[in-house]
Amino acid sequence: MTQVSSTPAPEPAGAPPATPPLPLYRRPLFWSLVLLLLILLLAGLIARLQWRDAQARDAELARLADGQRARNEQLDAEKERLKKALEDDPCKALEHLRASPSLPGLPPVSAPAAPAAPLHDESAPQPSQPNENLPAAPV
């Protein structure tokens, strides 16, 4: 039988001593992969937040468009009502429109406004006394 020696073979002279292998966390490739994964995670998070904001904005615009569409339908119905009132009898259209209710947010149909009264009556006597609250004019 041959004996197996448990002592390592002597290294040749002039060779550098063997260094132990580096642990994984001491290697640059490990940290570059960790940083790459963190950057990708952050980019994914930002993209998800932007997508969610875009979805919320689209839903808000759809809600506003539906509300405006309903308002446009009301205005179209009011326009048709006014056209019908003018087509039936233009002379009695104003009476017909006053009798029927108008849309909320629109002013009701009213009688034509009376001519504006003058701001002051020229036939009234003008005061001869100067205003006591004003200072006297220099001479």
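Linking Ile, Leu, Val, Met, Phe, Trp and Tyr residues whenever their side-chain heavy atoms come within less than 4.5 Å places Val34 and Leu24 in a single cluster.
To the nearest 0.5 Å, atoms CZ (Arg71) and CG (Asp76) are separated by 11.0 Å. With rounding to the nearest 0.5 Å, the separation of CH2 in Trp31 from CG in Leu38 is 9.5 Å. The distance from the CG atom of Asp58 to the CD atom of Gln55 is 6.0 Å, given to the nearest 0.5 Å. Remark: Leu75 CG to Glu80 CD distance equals 12.0 Å, nearest 0.5 Å. For the atom pair CD of Glu73 and CD of Gln68, the computed distance is 11.0 Å after rounding to the nearest 0.5 Å.
Of all the heavy atoms in Phe30 and Tyr25, the pair that sits closest is CD2-CA, 3.7 Å.
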Kindly determine whether Leu41 and Leu45 satisfy side chain to side chain contact (heavy atoms under 4.5 Å, CB included), including the steps that lead there.
CA-CA 6 Å; Leu41 179 69; Leu45 179 66; 5.8 Å; no
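A salt bridge links Arg81 with Glu78: the distance from a Lys NZ or Arg NE/NH1/NH2 to an Asp or Glu carboxylate oxygen falls below 4.0 Å. Using a 4.0 Å cut-off between charged side-chain N and carboxylate O, Glu60 and Arg63 make a salt bridge.
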